[in-house]
Amino acid sequence: MQYYLLIPFLPLAAFVINITLGKKIIRKQAHWPSTLAVLGSLVVAVMVLMDVLAGKTLNEDLYTWIISDKFQVSVGFLLDQLTAVMLIVVTSVSFLVHVYSIGYMHDDPGYYRFYAYLSLFTFSMLMLVMANNFLQLYFGWEAVGLCSYLLIGFWYEKKSASDAGKKAFIVNRFGDFGFGLGVIMIFLTFGTLHYIPVFGDAGKFLNESVNILGLEVNLITLIALLLFCGAVGKSAQIPLHVWLPDAMEGPTPVSALIHAATMVTAGVFMVARCNPIFSLSPTAMGVVAVVGGVTALFAATIALVQNDIKRVVAYSTISQLGYMFLACGVGAYAAGIFHLYTHAYFKALLFLCAGSVMHAMGGELDMQKMGGLKKYMPVTYWTMLIASLSISGIPGLAGFFSKDEILFRAYAAGGVGKFAWLLGTVAALLTAFYSFRLIFLTFHGEFRGTEEQRHHLHESPKVMTIPLLILCVGAIASGWVGIPPLLGGGEHFSEFLAPVVGHPHGEATHAEEWMTMGISVAVALAGIIVAVVFYLKNPSIPVNLAKRFQFAYRVLWNKYYVDELYDLIIVRPTLFVAKNIIVGFTDGAIIEGIVNGLPRMVNRIGAQVRKVQNGLLQHYGAIMALGLFLILAILMIKYSG
């Protein structure tokens with residue numbers, strides 16, 4: 001299976017080619033190295049999947065990376081069932097986004113740079129999911145964060161884009177600080193950072209505790225929660241969710257690849273990979289489930305009133321990531337990865353459809369200035385409609401099978417799981433509503449834009465619509481590998497992942513499974529029907545509701561004022577300290593006082609000494625005589641004593 005090395009290193013080679021030759025030699029052909037490289041990675045990923053399906057797994061160190069006393073880490077690769085799923089998701093979506101970008105980014109002056117960054121991101125993400133140790137995981141973790149920063153701020157001359165890139169980078173530092181501490185704790189506890197020995201020995205430390213500020217904390221719980229800090233940041237969960245909506249300032253293909261289908265799911269992947277640690281701590285599991293459930297509902301409520309088409313899809317992403325964590329928190333890791341897998345296709349499709357709409361509307365994002373686009377953009381309309389049906393959980397489509405699996409497993413887990421199930425069910429209702437609000441405002445009714453925009457309306461070129469059609473197939477059929485036995489399936493997906501993530505916790509009757517499934521479908525249909533009434537039958541209803549419940553509307557419109565709260569308690573105090581203490585006192589008074597003060601002192605002394613140099617010979621003679629007198633006086637005093 002040595003051929004697996006091509007998976008990460010083909011995109012790395014494409015990055016090197018584009019970043020060194022792209023500007024002056026390759027230029028507008030920069031898509032070829034990157035697209036062909038990721039296609040090659042996809043082909044090899046399929047070969048790996050075939051080997052894993054045949055029972056072949058691999059855990060191999062490529063070379064020794066670091067040796068320092070007992071600290072030894074290698075660059076190594078773990079190819080198992082979980083890795084195989086992630087490889088297919090990353091390479092397939094990345095390939096389609098690369099192709100789509102040929103049409104979307106063709107006039108951009110930074111074309112070569114865009115493809116170079118995409119290739120670097122793909123390499124980093126593949127290194128993350130293929131790692132066999134925590135330090136390599138951390139390397140990929142930080143590398144995808146760097147690529148996210150570069151691509152969010154791709155149009156760096158635009159202040160909002162550069163600000164959004166910095167916001168994403170800084171917010172993730174909070175989570176990654178905890179994640180880094182978790183990796184350190186793992187080495188201090190287990191003496192290694194390689195997955196297999198760590199997971200194998202985790203049970204030995206089940207009753208160990210550490211003292212933190214006088215409090216006894218279970219060691220495994222502490223490690224799990226520190227690792228989860230990184231997941232909260234990378235996967236935009238409460239309270240570190242604020243960076244993802246602003247990340248929409250980057251090019252739309254970036255939103256589809258990085259901020260919907262791959263990088264943001266790294267947190268879910270990490271929790272699933274570390275399930276032997278998390279499963280030993282009911283406290284950590286409860287935290288993961290509650291954070292996921294609350295985030296799913298929280299983000300869905302915000303999406304109800306947003307008018308920026310990409311931000312609606314962004315909040316939808318935060319909500320769906322919450323579902324994935326909800327599943328992991330109740331022990332249904334396979335269900336969480338199943339939703340990660342299906343979500344990659346229908347959410348990437350939603351983002352790329354939004355990009356197609358923007359392409360036709362000359363960059364317009366406000367859905368209130370759209371409407372009636374169905375007749376101008378039939379391919380975009382029908383593919384986005386299917387993606388919306390899928391995310392809403394309509395039976396037969398991918399989203400139905402994965403979301404229903406999560407809700408059923410949460411209910412079956414009991415305890416905190418039933419609370420999470422309630423949160424997820426309400427979020428499912430809101431998801432269907434805001435998804436079809438987007439469809440109706442964008443594609444139905446009368447066109448509300450300018451005449452110039454109307455004149456520009458057209459379907460996107462085939463290089464953009466063909467990826468939409470392929471992703472549409474994924475939005476429909478990707479869930480068919482996980483049809484539950486209740487509907488005649490064999491739980492093939494969960495059984496495939498069982499050797500890595502185990503079997504779900506809790507049991508429930510067939511009647512309870514039918515009940516949760518029926519409620520899930522009913523709330524999805526209810527959400528769609530309400531959207532039809534509000535935005536097709538009687539559009540005055542949402543206007544009147546916004547006026548009647550102005551306070552609630554303002555809270556949702558302003559995203560619960562979380563950004564304003566962070567600005568008040570974190571940003572402003574930090575800037576005050578930076579300007580008045582670090583810059584004003586430390587840098588200004590001390591450092592600049594020394595750096596600039598010493599030369600000024602030397603200059604003043606020199607100015608006084610220069611006065612002695614007056615050119616009069618008798619003065620020089622007098623000074624020499626005085627010097628000689630002082631020397632003799634000193635010698636006499638010294639020897640007379």
Side-chain angles (χ1 to χ4, degrees), residues 145 148-149 152-153 159-179 181 225-226 228-250 255 259 264 267 286-308 310-323 325-326 329 365 419-420 423 426-427 430 434 546 549-583:
S148 175
Y149 166 75
I152 293 170
K159 188 176 186 303
S160 58
S162 60
D163 287 347
K166 287 184 287 187
K167 183 176 182 178
F169 197 78
I170 293 168
V171 170
N172 270 275
R173 300 285 66 75
F174 287 89
D176 290 356
F177 177 71
F179 185 56
L181 289 178
L225 291 178
L226 286 172
F228 185 57
C229 285
V232 168
K234 193 69 72 187
S235 297
Q237 299 294 283
I238 289 175
L240 301 180
H241 65 285
V242 292
W243 68 269
L244 184 55
D246 286 16
M248 299 304 104
E249 291 289 343
S255 303
H259 304 124
V264 292
V287 170
V288 173
V290 171
V291 168
V294 170
T295 302
L297 181 58
F298 174 85
T301 59
I302 297 175
L304 295 176
V305 301
Q306 302 302 309
N307 289 325
D308 183 314
K310 285 180 66 176
R311 286 179 183 264
V312 172
V313 184
Y315 279 108
S316 171
T317 300
I318 297 172
S319 181
Q320 296 303 307
L321 289 165
Y323 272 104
F325 283 112
L326 187 160
L365 289 165
F419 173 65
L423 295 175
V426 178
L430 303 182
Y434 67 66
F549 301 100
Q550 289 186 30
F551 176 75
Y553 180 81
R554 283 198 303 272
V555 169
L556 296 180
W557 174 258
N558 289 288
K559 300 155 288 189
Y560 292 94
Y561 296 98
V562 175
D563 281 290
E564 288 78 3
L565 177 64
Y566 287 175
D567 182 68
L568 180 65
I569 65 174
I570 298 175
V571 177
R572 292 185 186 181
T574 302
L575 291 176
F576 177 83
V577 171
K579 291 178 180 178
N580 295 281
I581 298 179
I582 297 177
V583 175

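Heavy-atom basis, side chains included; hydrogens, waters and symmetry copies ignored. Just so we're clear, the structure is a prediction, and the values are computed from it rather than from any experiment.
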Closest non-hydrogen atom pair, A296 against A427: O-CB, 3.8 Å
Where W243 and S148 come nearest, the two heavy atoms and their spacing: CZ3-OG, 4.4 Å
Which atom of A420 lies closest to which atom of A289, heavy atoms considered: CB-O, 4.4 Å
Ring centre gap for H241 and F298 strictly below 6.0 Å: yes
Crowding at OH, Y561 (>12 non-hydrogen neighbours, <6.0 Å): yes
Heavy-atom check, side chain of K234 versus side chain of V264, under 4.5 Å: no
Ring-ring centroid check F228 F325, cutoff 6.0 Å: yes
4.5 Å side-chain heavy-atom contact, I318 and S235: no
Residues I152, H259; criterion side-chain contact (heavy atoms from CB on, under 4.5 Å); working and verdict: CA-CA 10 Å; I152 293 170; H259 304 124; 3.4 Å; yes
L321 CG to L326 CG distance, which is reported to the nearest 0.5 Å: 12.5 Å
Candidate list V287, N172, L240, test side-chain contact (heavy atoms from CB on, under 4.5 Å), partner V232, passing option: L240
D567 side chain vs D563 backbone, donor-acceptor pair below 3.5 Å: no
pair R311-I302: side-chain heavy atoms closer than 4.5 Å: no
Close side-chain approach of W557 to N307, heavy-atom, < 4.5 Å: yes
CZ/F419: more than 12 non-hydrogen atoms of other groups inside 6.0 Å: no
Side-chain touch T574/K579, heavy atoms, less than 4.5 angstrom: no
Between T301 and Y560, a side-chain donor and acceptor under 3.5 Å: yes
D308 side chain vs K310 backbone, donor-acceptor pair below 3.5 Å: yes
cation_pi(R173, F169) dist<6.0 Å, angle<=45: yes
Minimum heavy-atom distance between M248 and S255, given as atom pair plus value: SD-OG, 3.7 Å
Results of salt bridge (Lys or Arg N to Asp or Glu O under 4.0 Å) for K166 - residues two or more places apart only: D163
Residue pair L565 / I569, side-chain heavy-atom distance below 4.5 Å: yes
From L575 atom CG to I570 atom CD1, the distance as rounded to the nearest 0.5 Å: 11.5 Å
S316 side-chain N/O to V312 backbone N/O, donor-acceptor pair under 3.5 Å: no
Minimum heavy-atom distance between G293 and L423, given as atom pair plus value: C-CD1, 3.6 Å
For the student: nearest non-hydrogen atoms of F179 and G230, plus distance: CB-CA, 3.7 Å
Short side-chain to backbone donor-acceptor contact, S162 and K159, under 3.5 Å: yes
Heavy-atom side-chain contact between E564 and K559 under 4.5 Å: no
Whether T295 side chain and I238 backbone form a donor-acceptor pair below 3.5 Å: yes
Beyond-backbone contact of C229 with F177, side-chain heavy atoms, under 4.5 angstrom: no
Partner set under side-chain hydrogen bond (donor to acceptor under 3.5 Å, both in side chains) for S160, not counting sequence neighbours: E249
From CZ (F549) to CG (L556), nearest 0.5 Å: 12.0 Å
